[in-house]
Visitor: 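The structure's right below; bear with me while I get my questions together.
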Amino acid sequence: MNFTLKIWRQDGPKSPGRMVTYPVTGISDEMSFLEMIDVLNDQLVRNGDEPVAFDHDCREGICGMCSMFINGEAHGPNRLTTTCQLHMRSFKDGETIYIEPWRAAAFPIIRDLVVDRSAMDRVMQSGGYVSVNTSGNTVDANALPIPKPAADEAFQAAACIGCGACVATCKNASAMLFVSAKVSQLALLPQGQPERLNRAESMVEQMDLEGFGNCTNTGACEVECPVGISLDHIARMNRDFLHAKVAKKG
Amino acid sequence: MRDQKQSASMDAKVPQGPLADKWTQHKNHVNLVNPANKRSIDVIVVGTGLAGSSAAASLAEMGYNVKAFCFQDSPRRAHSIAAQGGINAAKNYQNDGDSTFRLFYDTIKGGDYRSREANVHRLAEVSANIIDQCVMQGVPFARDYGGMLDNRSFGGVQVSRTFYAKGQTGQQLLLGAYSALSRQIGQGKVEMFNRHEMMDVVVVDGKCRGIIARNLITGALERHSAHAVVLCTGGYGNTFFLSTNAMGSNASAAWKAHRKGSYFANPCYTQIHPTCIPVSDEAQSKLTLMSESLRNDGRIWVPKHKKDVAAIRSGALKPVDLVEEDRDYYLERRYPAFGNLVPRDVASRAAKERCDAGMGVNSSGQAVFLDFSSAIERYGKTAANVKGIESPSAEQIEDLGREAVEAKYGNLFQMYQQITADNPYETPMKIYPAVHYTMGGLWVDYNLMTTVPGLYAAGEANFSDHGANRLGASALMQGLADGYFVLPYTIGDYLADDIRTGAISTEGAEFDTAERGVRERIEALMGNGGTTPVDDFHRELGKIMWNKCGMSRNATDLQSAIIEIQALRERFYKDVRIPGRADQFNPELDKAGRVADFLELGELMCKDALERNESCGGHFREEHQNAEGEADRDDINFTHVSSWEFTGVPSEATLHKEELAFENVELKTRSYK
Ligand SMILES: Cc1cc2nc3c(=O)[nH]c(=O)nc-3n(C[C@H](O)[C@H](O)[C@H](O)COP(=O)(O)OP(=O)(O)OC[C@H]3O[C@@H](n4cnc5c(N)ncnc54)[C@H](O)[C@@H]3O)c2cc1C
Ligand code: SF4
Ligand code: FES
């Protein structure tokens, strides 16, 4: 297969960026999207040019590191698929493919397709945990039975890979889906109850501080999320956030 | 030809007393550092996988000032995130006779009697606490309908002690540890350095006192000092280029420590995992694991007859249409007691044996089937019973069975389908062994300290617990045991001597020299005017390693591999091309540094494999097998850890042996028949 790639190139955070056109040839439909970029980069290096910088690590759809905006969609055309799990058989031979970085005020560009997502870590640091020390001297794990439906729903929320596709997709660059997944996971479990309202409040506040936009319920994030995090979690977080505010006003 | 300098057995500092009391006794007697003094002590943790995140969080909670480093853009992306199948713990929740001793015993036996009894027993002892701890953190393990934790079975054991969260156990455990770490970062007790790579360790007056790190965004070299340094930097499976490890997984931190005096133990012990998606083409960048948990329910087979092999390869015959009598369920045939659940090394070799005999089922001849049709039928019947459906139709059974299989392995099936475009509910998976895990690593004593005082290694980076073969679901257990429950005690014992030392300066000659060394290395790589991309060298190294130091090894091949690797390394330094600059974000440069180290470690792996003139666990020497092709261990000459001291050329390292004493288990030939 052959493709024409139009890729965003930007030398550094402050440099101007532009789309550059590259032809790639001899791509097999078995290749993953990132392997196709590997082929391009191999050519660039052999020709003495600089390869396209992009983030990736596990290439199994779980680490959340890969992050490409492909033909106007976060992680490309397929649903429930990260960039690294996207295969060239999903494209038509001869197609032109546009590749851009995640774009959001809270995600400054580092180079080419690589952005800085540390804002997401800082939101987690503001409350995305249960305050239990790691001594191991807690109670026996089965002393805390958790009804299977709650455990399963908590698991669904916990499956978020922290990729930021939801932010990149949202026209307001809101991080609500990402934040609500963690808030919701812990809200569904008994361990998470004591800090439940505080957690929702401080994580939402940190999210605003980081410059993520407001949620206007367009639902675009849910569509592009590679692990299918549901909008229901946003509703749950909003309830907790309001309760926290009301409780404060007393 | 061997004129090895050999020293007396190395001292692992294993505490005295009966096996089951050693750890408790040790904990009761180690030196403690009081809370006020902890505030003036700095600890560096390199790596934020299960071992690193748990260590950094625990040490910070205790009051130490912690600096943590990872090369990814967030600590949550460490390679541990990709672990699928589960984590072992001797909870005996299934009431199937499990116990601390049994987990200990299984691990020693699974490791083919090449691990240290005291460490393994400690691991088994703390395993139950790991589950308690994780549940309190909100880790959503799988549960049964009564709300209790569920278990599954893994290879090499006859109890069900593996806790799991679908096929995403590593993710959930790492996010638990990451949350504990995030809490400490939020409180200012851990300073986190993302996108930083450790380039060297700094040793001052015989003690490890810091590291040189490179900011991967700006390329700036930084000095960081501490009273102790912990390396939790993972395994070195990527020496083989193709492996199930993440693309960035590397051996560099461990190798730099080795060059600075830490001995490297058992480098040749690599685990080749039996169930991975086969290689598809030359551009393949990595291999994908299909979790061992699938062997709970999947049956492995190849056709009995060559004519069927040919028909399947050409597409003329669909695997589902081959009748039972014409299938060879070779694991069930050869190992009736354990069947599809034999340990990994045994399963991998058996697959190779069948494929070498020409029975491989894909076009390259390097694949076997992993088939779920029996499981779908079995689960379907059970579900129909539970639902009270009388005489269910075949379709009903099939539908219910699929549902049950999906609940257990849904994400794995989906991943398989995404990669191969085959639907594993309808046609058996094709799988083949691939490099997965490295049992070898930095030598550590009972306290997890390397041979450089103050330099510790935890998780996959050390060699400590798995002998010559690791059992499934035991790496996650070890990483968290080391970080949450072992290091917090043992490191305090060492740091108790440092309460009056004060902050370590980064100005000294040792920091100067280390930083200069790193800078010169980078300049040499950047400025060599070469023409060949880094990956070419890595791929070539991978081929040498896979062909000559892979699933089966022999002296002739290992000797030639050493020579080939040396030549490749020479070419690398002359001809590697790294575009761009060193003072900017430059992934090719990062990669080149890692490949340079693989090119040295690979040579030592071959040397170690050559020296270990026996077959044990994942290390199979063709010269040492019995008439049935099973491994022949040599307990008289090789019941030791081979621990290598760097002397300049990797394969000319000096061998130090740690003799292994088995006082609580009897050495037996491993049999899974
Ligand atoms: C696909 C797959 C599935 C697996 N499934 C299971 C399973 O089901 N059960 C099980 O028990 N085990 C499993 N394993 C094994 C297990 O996941 C690993 O052994 C374990 O997670 C390793 O953890 P770690 O903390 O030692 O290292 P890692 O998680 O590899 O972390 C290494 C850390 O070190 C950092 N690092 C490395 N080098 C440097 C450097 N030079 N400078 C700075 N930072 C550095 C990285 O950034 C990272 O944070 C699996 C492994 C794979 C590959
Ligand atoms: S919610 Fe989905 S899209 Fe957003 S960070 Fe998590 S996994 Fe990515
Ligand atoms: S590279 Fe890890 S999710 Fe894509």
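In what follows, chains carry the letters A, B, and so on, assigned in the order in which the sequence lines appear, proteins first and then strands, with residues in each chain numbered from 1. If you're wondering where the values come from, they're calculated on a predicted model, not measured in any experiment.
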Visitor: What residue, out of A/Pro190, A/Ser90, A/Ser135, A/Ala158, has the most heavy-atom pairs lying under 4.5 Å from chain B?
Guide: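 Option with the top pair count is A/Ala158.
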
Visitor: Identify which part of B/Ile277 has an atom lying under 4.5 Å from any heavy atom of chain A, answering side chain, backbone, both or neither.
Guide: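 Contact with chain A: none, neither part.
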
Visitor: Determine the option with the most heavy-atom pairs under 4.5 angstrom with chain A, choosing from B/Thr244, B/Asp536, B/Leu289.
Guide: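 The candidate making the most pairs under 4.5 Å is B/Asp536.
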
Visitor: Looking only at heavy atoms and a cut-off of under 4.5 Å, which of B/Ser58, B/Ala128, B/Ala180 has the most pairs with chain A?
Guide: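 Among B/Ser58, B/Ala128, B/Ala180, the one with the most close pairs to chain A is B/Ser58.
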
Visitor: Rounded to the nearest 0.5 Å, how far apart are CG of B/Leu175 and SG of A/Cys160?
Guide: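 That separation rounds to 8.0 Å.
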
Visitor: For a quick test of reading the model, state the closest non-hydrogen atom pair linking B/Ser285 to A/Arg59 and the distance between them.
Guide: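 Minimum heavy-atom contact is OG-NH1, 2.8 Å.
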
Visitor: For A/Pro51 and B/Glu588, work out which heavy atoms get closest and say how close.
Guide: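 Nearest pair, atom of A/Pro51 first, then B/Glu588: CG-CG, 3.7 Å.
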
Visitor: Starting from the C-alpha separation in whole Å, work towards a yes-or-no answer on salt bridge (charged side-chain N to carboxylate O under 4.0 Å, His left out) for B/Asp150 and A/Lys148.
Guide: CA-CA 10 Å; B/Asp150 195 16; A/Lys148 189 169 167 55; over 6 Å; no

Visitor: Is the shortest side-chain heavy-atom distance between B/Pro140 and A/Gln185 below 4.5 Å?
Guide: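 In short, these two side chains touch, coming nearer than 4.5 Å.
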
Visitor: Under 4.0 Å between a Lys/Arg side-chain N and an Asp/Glu carboxylate O for B/Arg195 and A/Asp55?
Guide: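 Here B/Arg195 pairs with A/Asp55 in a salt bridge, since their nearest N and O are under 4.0 Å apart.
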
Visitor: Which region of A/Ser32, side chain (C-beta onward) or backbone (N, CA, C, O), has a non-hydrogen atom less than 4.5 Å from a non-hydrogen atom of chain B, or is it both or neither?
Guide: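 Neither the backbone nor the side chain of A/Ser32 comes within 4.5 Å of chain B.
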
Visitor: To the nearest 0.5 angstrom, please state how far the OG atom of B/Ser280 sits from the CD atom of A/Glu35.
Guide: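 So the gap between those two atoms works out to 6.5 Å.
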
Visitor: Between CD of A/Glu30 and CG of B/Asp281, what distance do you get to the nearest 0.5 Å?
Guide: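 Taking CD in A/Glu30 and CG in B/Asp281, the distance rounds to 6.5 Å.
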
Visitor: With only heavy atoms counted, which part of B/Gln168 is less than 4.5 Å from chain A, the side chain, the backbone, both or neither?
Guide: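 For B/Gln168, side-chain heavy atoms alone lie under 4.5 Å from chain A.
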
Visitor: For each of A/Arg46, A/Met124, A/His56, A/Glu50, tally heavy-atom pairs with chain B at distances under 4.5 Å, and name the one with the top tally.
Guide: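 Between A/Arg46, A/Met124, A/His56, A/Glu50, the count favours A/Arg46.
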
Visitor: Tell me which of these, B/Gln414, B/Gln187, B/Gln171, has more heavy-atom pairs under 4.5 Å with chain A than the rest.
Guide: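 Highest number of heavy-atom pairs under 4.5 Å: B/Gln171.
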
Visitor: Would you call B/Arg77 and A/Asp57 a salt bridge, taking side-chain N to carboxylate O under 4.0 Å as the test?
Guide: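 Answer for the salt bridge query: no.
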
Visitor: Could you go through A/Glu60 and B/Lys286, starting from their C-alpha distance and side-chain angles, then the distance that decides it, and tell me whether this counts as side-chain contact (heavy atoms from CB on, under 4.5 Å)?
Guide: CA-CA 9 Å; A/Glu60 290 189 3; B/Lys286 75 159 302 214; 2.8 Å; yes

Visitor: What option among B/Lys166, B/Met192, B/Arg76 has the most heavy-atom pairs under 4.5 Å with chain A?
Guide: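 The answer is B/Arg76.
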
Visitor: Go through A/Val130, A/Val132, A/Ile110, A/Asn133 and name the one with the most non-hydrogen pairs under 4.5 angstrom from chain B.
Guide: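 Of the options given, most contacts go to A/Asn133.
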
Visitor: Charged N to carboxylate O below 4.0 Å: is that the case for A/Asp140 and B/Lys91?
Guide: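 Result for this pair is yes, salt bridge flagged.
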
Visitor: Using the side-chain contact (heavy atoms from CB on, under 4.5 Å) rule, take A/Asp152 and B/Arg143 through it: C-alpha gap first, then chi angles, then the decisive distance, then the call.
Guide: CA-CA 8 Å; A/Asp152 286 350; B/Arg143 289 177 183 268; over 6 Å; no

Visitor: Measuring heavy-atom distances to chain A, does B/Asp535 have an atom under 4.5 Å in its side chain, in its backbone, in both, or in neither?
Guide: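 B/Asp535 has no heavy atom closer than 4.5 Å to chain A.
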
Visitor: Under 4.5 Å from any heavy atom of chain A, what part of B/Ala421 do you find: side chain, backbone, both or neither?
Guide: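 For B/Ala421, backbone and side chain are both near chain A.
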
Visitor: Which atom pair, heavy atoms only, marks the closest approach of A/Val45 to B/Arg577?
Guide: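 Looking at all heavy atoms of both residues, the closest pair is O-NH1, 2.8 Å.
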
Visitor: May I ask you to name which of B/Tyr93, B/Tyr145, B/Phe163, B/Phe485 has the most heavy-atom pairs under 4.5 Å with chain A?
Guide: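 Highest number of heavy-atom pairs under 4.5 Å: B/Tyr93.
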
Visitor: A/Ser126 versus chain B, heavy atoms under 4.5 Å apart: side chain, backbone, both or neither?
Guide: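 Nothing of A/Ser126, per the 4.5 Å heavy-atom cut-off to chain B.
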
Visitor: Minimum heavy-atom separation for B/Gly138 and A/Gln191, please, with both atom names.
Guide: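 Closest pair (atom of B/Gly138, atom of A/Gln191, distance): CA-NE2, 3.9 Å.
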
Visitor: Heavy-atom distances under 4.5 Å only: say whether A/Ala143 touches chain B with side chain, backbone, both or neither.
Guide: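 For A/Ala143, no heavy atom lies under 4.5 Å from chain B.
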
Visitor: Indicate the atoms forming the closest heavy-atom contact of B/Ala283 with A/Val39, along with that distance.
Guide: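 Heavy atoms of B/Ala283 and A/Val39 come nearest at CB-CG2, 4.4 Å.
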
Visitor: Do A/Thr138 and B/Asp132 meet the criterion of a side-chain donor-acceptor pair at a distance under 3.5 Å?
Guide: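 Their side chains do not contain a donor-acceptor pair, so the 3.5 Å distance test is not met.
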
Visitor: What's the shortest heavy-atom distance between B/Ile81 and A/Ile62, and which atoms?
Guide: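 What the structure gives for the nearest pair is O-CG1, 3.5 Å.
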
Visitor: Answer yes or no: is there a side-chain heavy-atom contact under 4.5 Å between B/Pro75 and A/Asp121?
Guide: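 Yes - at least one pair of side-chain heavy atoms lies under 4.5 Å apart.
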
Visitor: Against chain B, label A/Val52 side chain, backbone, both or neither, depending on which of its atoms sit under 4.5 Å from a heavy atom there.
Guide: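 No part of it gets close to chain B.
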
Visitor: For A/Asp116 and B/Asp73, run side-chain contact (heavy atoms from CB on, under 4.5 Å): C-alpha distance rounded to whole Å, both residues' side-chain angles, the deciding distance at 0.1 Å, then the answer.
Guide: CA-CA 7 Å; A/Asp116 178 355; B/Asp73 71 330; over 6 Å; no

Visitor: Given heavy-atom pairs under 4.5 angstrom as the criterion, report whether the side chain, backbone, both or neither of A/Asn47 touches chain B.
Guide: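 For A/Asn47, the contact with chain B is made by the backbone alone.
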
Visitor: So what's closer than 4.5 Å to chain B heavy atoms on A/Arg89: side chain, backbone, both or neither?
Guide: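 The side chain, not the backbone.
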
Visitor: With side-chain contact (heavy atoms from CB on, under 4.5 Å) as the test, would you mind laying out the steps for B/Gln137 and A/Tyr129 before giving the verdict?
Guide: CA-CA 7 Å; B/Gln137 288 170 342; A/Tyr129 45 76; over 6 Å; no

Visitor: Given heavy-atom pairs under 4.5 angstrom as the criterion, report whether the side chain, backbone, both or neither of A/Ile146 touches chain B.
Guide: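 For A/Ile146, backbone and side chain are both near chain B.
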
Visitor: Nearest 0.5 Å, what's the OG-NZ distance between B/Ser182 and A/Lys182?
Guide: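 So the OG of B/Ser182 and the NZ of A/Lys182 are separated by 9.0 Å.
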
Visitor: Please classify the contact of B/Thr420 with chain A as side chain, backbone, both or neither, using a heavy-atom distance under 4.5 Å.
Guide: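 For B/Thr420, the backbone is the part near chain A, not the side chain.
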
Visitor: Heavy-atom pairs under 4.5 Å with chain B: which of A/Ala53, A/Gly192, A/Gly162, A/Gly128 has the most?
Guide: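 The candidate making the most pairs under 4.5 Å is A/Gly162.
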
Visitor: Out of A/Val227, A/Leu186, A/Leu80, which one racks up the most heavy-atom pairs below 4.5 Å with chain B?
Guide: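 Ranked by contacts with chain B, first place is A/Leu80.
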
Visitor: What residue in B/Arg183, B/Gln418, B/Met247 has the most heavy-atom pairs under 4.5 Å with chain A?
Guide: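 It is B/Arg183.
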
Visitor: Given heavy-atom pairs under 4.5 angstrom as the criterion, report whether the side chain, backbone, both or neither of B/Gln84 touches chain A.
Guide: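 B/Gln84 touches chain A through side-chain heavy atoms alone.
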
Visitor: When heavy-atom pairs shorter than 4.5 Å are enumerated against chain B, which of A/Leu34, A/Asp49, A/Leu144, A/Ile161 gives the highest number?
Guide: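 The candidate making the most pairs under 4.5 Å is A/Ile161.
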
Visitor: Assess, by modelled atom type and distance only, whether the side chains of B/Gln133 and A/Thr134 contain a donor and an acceptor separated by less than 3.5 Å.
Guide: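 Checked: B/Gln133/A/Thr134 side chains show no N/O donor-acceptor pair below 3.5 Å.
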
